2 protein chains.
Amino acid sequence: MRGPSRHRGATLDDVARRAEVSAMTVSNALNHPDRLSDETLARVRAAIEDLDYRPNRSARTLRSQTSRLVGVRVERSRQDRAALLLDQFLHALAESASGLGYHLIVCHAAGDTAELAAYQELRQTTAVDAFVLTGAHRDDARRRWMREQGVTFACFGRSWDLDPDSPGAFPWVDVDGAAGIRAAVEHLAGQGHTEIGLVGWPADSDLGRDRERGWREACADLGLPARVQAHVVDEFDAGRDAAHRLLDAPRGGPVPSALVCVSDTLALGVLRALSERGLRPGHDVAVTGFDNSPSAALTTPGLTSVDQPLADVAAALMRLVDAELSGVRPSATHALLPPRLVVRDSSLAR
Amino acid sequence: MRGPSRHRGATLDDVARRAEVSAMTVSNALNHPDRLSDETLARVRAAIEDLDYRPNRSARTLRSQTSRLVGVRVERSRQDRAALLLDQFLHALAESASGLGYHLIVCHAAGDTAELAAYQELRQTTAVDAFVLTGAHRDDARRRWMREQGVTFACFGRSWDLDPDSPGAFPWVDVDGAAGIRAAVEHLAGQGHTEIGLVGWPADSDLGRDRERGWREACADLGLPARVQAHVVDEFDAGRDAAHRLLDAPRGGPVPSALVCVSDTLALGVLRALSERGLRPGHDVAVTGFDNSPSAALTTPGLTSVDQPLADVAAALMRLVDAELSGVRPSATHALLPPRLVVRDSSLAR
DNA sequence: CTGTTAGCGCTTTCAG
DNA sequence: CTGAAAGCGCTAACAG
C-alpha cells in the first residue's frame, strides 16, 4: 500500500526503481519535464504518485544552492497602533508563496542592524533565496545590503528616492495612498463637507507626503480649501491631541467639519477626541482612516477607512520574487495598486 | 580580511584547515563541545570567528535528519473578529525560537484537511522538527496525526478531554480563562455592580465553558446572582444582538448593569449595542472583554479586557518543543498561565 | 580526546 | 532523450 516506504518517505531512487529509469530522469521529470519523452514522463509521474514522493528540500538545496525559501521579518506590534495587518498580509504572502512552490521563513529583529544580521544569518545557514521587505525607507540600508550581497528581494512600499527606471531601482509593490485619500475626500465632499482637514504624518515621511498630496489635490479639484492640517507621529494619542488642536481652531481659523486621517491609529485617536468634546462622529465631525484595520469595523461608530488590497500586494510581491529567481524578465518590476474606500458611520451624517 | 572566502561563505573544512584540526573536530566543537580539550576548542572557536563561519543548515539536516525548523500555521484573519493576536504571538514565538536556535517556517491552509496536508508536506520536504499548534479542539485530529507520525508538537490551548497524566496527554500551554473572567467579575463587583451578566460562547466550546465557570464561581463567591447570560458565536454582530436581548430583560427578568464578555469581538459588539440604545458604556452598563486586542485600547471608550501573556505562552511553547527534541524530560509538559486584567473606561462609572 | 570513512538525497556535468 | 559519476557540507559510527 505504501510502497517500499523507508522510514522517512520515498526517495528519488525509490521512484527511479519503480519507474525503471535512472534517478536523473526522475529529477528531470520534476525540474525539466520538457527533456523527457511523454511516455517516460507519464511513467515517472505515476511512480511519484504511487509512492507519494516529495523531493527533499535539504538535498536539493545542498546541491543546487537554492532553497525556495523566502525570508520575512515579523515586527512586534504596538499596543498604541492599530494592527499592522501582519495577520492578513502574512497569510496572503504564505498563500501566494505556496502557490509558486515557496515557503516563508520568519525572522525577528529588534532594530535595523539586527535586521540585517538576521537576514545574513538566514542567507548563510539556510540559503534563503529571497526576502520580502516591508516599509521601504528613503535610502534604505536594507536594500543596499541586498544589492551588495546580490540577494533577490521585493519590497512592500515603493522606492521614493529613485526613478523606477534608474539603475538603483528595485522591485516593489505599493498601494496608491494618494488615490485612497482622494477617495476619502471625495466621499466627504459628497456628504456636503467643505472644510476638510488632514491629520497627517510628519513631513519627513514620504508615505505621509504622498497621502497628503491626495488630500491637497482632491480639495483643489473640488474647489475646496486645503488649509486645516496637523502632522504628527503615528500614535493614538497624537491623533487625539491633533484633533483637539484643530477643532480648537487656533487664531480664529476655520473649523473643519471633517478630518481625513492617514492611518486608522490616528483616526481612532480623533474619534476619542470627539468623544471627549461631546461631538458625534459623522454627525458633528466626519472622520476617515486608512488601512481598514480590524478595529475600524469593530469600533463604534464604525470607522470609514481606506482598505489596502493586501492579498493582491502579497501576490504581486511573490510574483516579482519568483520572476527574478527564475531569471525571467518580468513585464514590470513594480506595481501601484488601487485601494478601496470602505464607508462606515464615522463619515455619515446619520 | 575575509579569510579563504568561497563564494558562499566558509565551510567546515575551511575552519578545520585554519584551526589545523579535522572537520570532525570542528563539528564536535559546535555540537559536542564537551568532547574537546579546552585548548583545541579555543583554537577552533577562534577559527570560526575569524572566518565568520555558519553551519549550513541543509547539509546538517540532510545528514542528521533534524532541521531546527518549527512549523506554524497562519490563519486568515476575519474582519468580523478582533485581531487574532497573531501579530504579537508570532513575533514572540519567532523570538523565543531564535533564542533556542530554531527558526519558524510558516504554512497556510484553508481547512482542517488542508492543514494536515500542509504539515505533512513540510515534514516530507523540509524535515521540519516540530509544530506549534494553536487552538486545540476536543478530540483534535491534528494531535492524533502528530502522534501517529511521531512528530514533536506543542499546543497553545489545553487538552480539554484528556487528563494531563493520561497516556494521550500532550504538551500544551494555555491561559487561565476562568481566572481572567474571575478578575473581570471581581473588578465589576468592586465598582458596585450586583447583576453581572455573561456574554459567552455556545456550550460546545470547552474554552467558553471554562471562562463561563470563572464568571459563575466569582459570582457565587461574591454572593451575587449568575443568571443573566447569552451564548453566541464569536462574531461582532452576535455580541451586539446578545446585548440587546439581555438588556431587553425578557419576561421581566433582571436587567444587568454589567456584561462580562468572553472575547473582545463580543465586547465590541456589546458596545455597539449600548450606543444604539443610547446607553453610555461604563456609566450605564459596564463592559469587559477578553484578549486585550489592539482594538480594546483604541476604541472609545477604551475596553477593559483580559490580557493574555502571549510572550510567556510563546516562550513556554518553544521550551516544551526544545525539551522534547533534545530528549530532555521537561519538568512539566504543560503550563497554565495567569492573565491580567487591563482596566479601561468601559467598566468605570466615570 | 581526535581522526577516518562513509553517505544523507539530490542535481550538475558531461557522455552516450 | 537518458544515464553515470561526482560531490554539495555536514555528522553518525566507529577506530585509535
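A note on names: the letters A, B, ... follow the listed sequences, proteins ahead of strands, and every chain is numbered from 1. In this text the structure is predicted, and so the values were computed from the model without any measurement.
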Peer 1: Using the side-chain contact (heavy atoms from CB on, under 4.5 Å) rule, pick out the option among B:Phe156, B:Tyr119, B:Phe170 that qualifies with B:Leu133.
Peer 2: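 The passing option is B:Tyr119.
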Peer 1: Any side-chain N or O of B:Thr25 below 4.0 angstrom from OP1/OP2 of C:dT2?
Peer 2: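 No, no such contact exists.
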Peer 1: Examine D:dC10: is either OP1 or OP2 under 4.0 Å from a nitrogen or oxygen in the side chain of B:Thr61? Give yes or no.
Peer 2: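 So the side-chain polar atoms of B:Thr61 never come under 4.0 Å of the phosphate oxygens OP1 or OP2 of D:dC10.
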Peer 1: What nucleotide among D:dC10, D:dC8, D:dA4 has an atom nearest to a side-chain atom of A:Met24?
Peer 2: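 Output: D:dA4.
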Peer 1: What is the distance, rounded to the nearest whole Å, between atom CG of B:Asn56 and atom P of C:dC8?
Peer 2: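 Those two atoms, CG and P, are 18 Å apart.
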Peer 1: Compare side-chain N and O positions of B:Arg35 against OP1 and OP2 of C:dC1 and report whether any pair is under 4.0 Å apart.
Peer 2: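 False: B:Arg35 side-chain N/O out of range (4.0 Å or more) of C:dC1 OP1/OP2.
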Peer 1: Can you tell me the distance, in whole Å, between the CG atom of A:Leu41 and the P atom of D:dC1?
Peer 2: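 It works out to 11 Å between those atoms.
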Peer 1: State whether A:Ser22 places a side-chain N or O below 4.0 Å from either non-bridging phosphate oxygen (OP1 or OP2) of D:dA4.
Peer 2: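 Result: no.
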Peer 1: On DNA chain C, check which nucleotide each of B:Asn28 and B:Ala59 is closest to and give me the residue with the more 5' one.
Peer 2: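 The 5'-side residue here is B:Asn28.
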Peer 1: Taking any heavy-atom pair under 4.0 Å as a contact, classify A:Leu36: base, sugar-phosphate, or nothing.
Peer 2: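 It contacts sugar-phosphate atoms only.
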Peer 1: Would you kindly give the CZ-to-C1' distance between A:Arg63 and C:dT13, to the nearest whole Å?
Peer 2: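 About 8 Å, once rounded to whole Å.
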Peer 1: From CG of A:Asp14 over to P of C:dC8, roughly how many Å is that when rounded to an integer?
Peer 2: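 Rounding to the nearest Å, CG of A:Asp14 and P of C:dC8 are 11 Å apart.
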Peer 1: With respect to the side chain of B:Leu62, which nucleotide from D:dA12, D:dC10, C:dC8 is positioned closest?
Peer 2: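 Output: C:dC8.
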Peer 1: Which of these nucleotides, D:dG7, D:dT11, D:dG3, is closest to any side-chain atom of B:Arg60?
Peer 2: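 The nucleotide sitting nearest to the side chain is D:dT11.
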Peer 1: If you check every side-chain atom of B:Ser27, which of C:dG3, D:dT11, D:dC10 has the closest atom?
Peer 2: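 Ranking C:dG3, D:dT11, D:dC10 by closest atom to the B:Ser27 side chain puts D:dT11 first.
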Peer 1: Is the phosphate of C:dT11 approached by A:Asn31 (side-chain N or O, under 4.0 Å from OP1 or OP2)?
Peer 2: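 It does, given that an N or O in the side chain of A:Asn31 lies less than 4.0 Å from OP1 or OP2 of C:dT11.
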Peer 1: Under 3.5 Å, is there a donor-acceptor pair between the A:Thr25 and A:Ser22 side chains?
Peer 2: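 Looking only at side-chain atoms, A:Ser22 and A:Thr25 do form a donor-acceptor pair, the distance falling under 3.5 Å.
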Peer 1: I'd like to know if the side chain of A:His108 pairs up with that of B:Ser98 as donor and acceptor (distance under 3.5 Å, no hydrogens or angles considered).
Peer 2: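 Yes.
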Peer 1: Pick the closest DNA chain D nucleotide for B:Arg57 and for A:Thr40 by heavy atoms, then say which residue is nearer the 5' end.
Peer 2: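 Closer to the 5' end of DNA chain D: A:Thr40.
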Peer 1: Under a 4.0 Å N-O cut-off, is there an ion pair linking A:Arg17 with A:Asp14?
Peer 2: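 Salt bridge flag = yes for A:Asp14 with A:Arg17.
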Peer 1: Is any side-chain heavy atom of A:His103 less than 4.5 Å from a side-chain heavy atom of B:Leu69?
Peer 2: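 No, their side chains stay 4.5 Å or more apart.
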Peer 1: So, OP1 or OP2 of C:dC8: does either fall under 4.0 Å of a side-chain N or O from A:Ser58?
Peer 2: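 No.
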Peer 1: From the list C:dT11, D:dC10, C:dC8, which nucleotide is the closest neighbour of the side chain of B:Gln65?
Peer 2: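 Closest nucleotide among those given: C:dC8.
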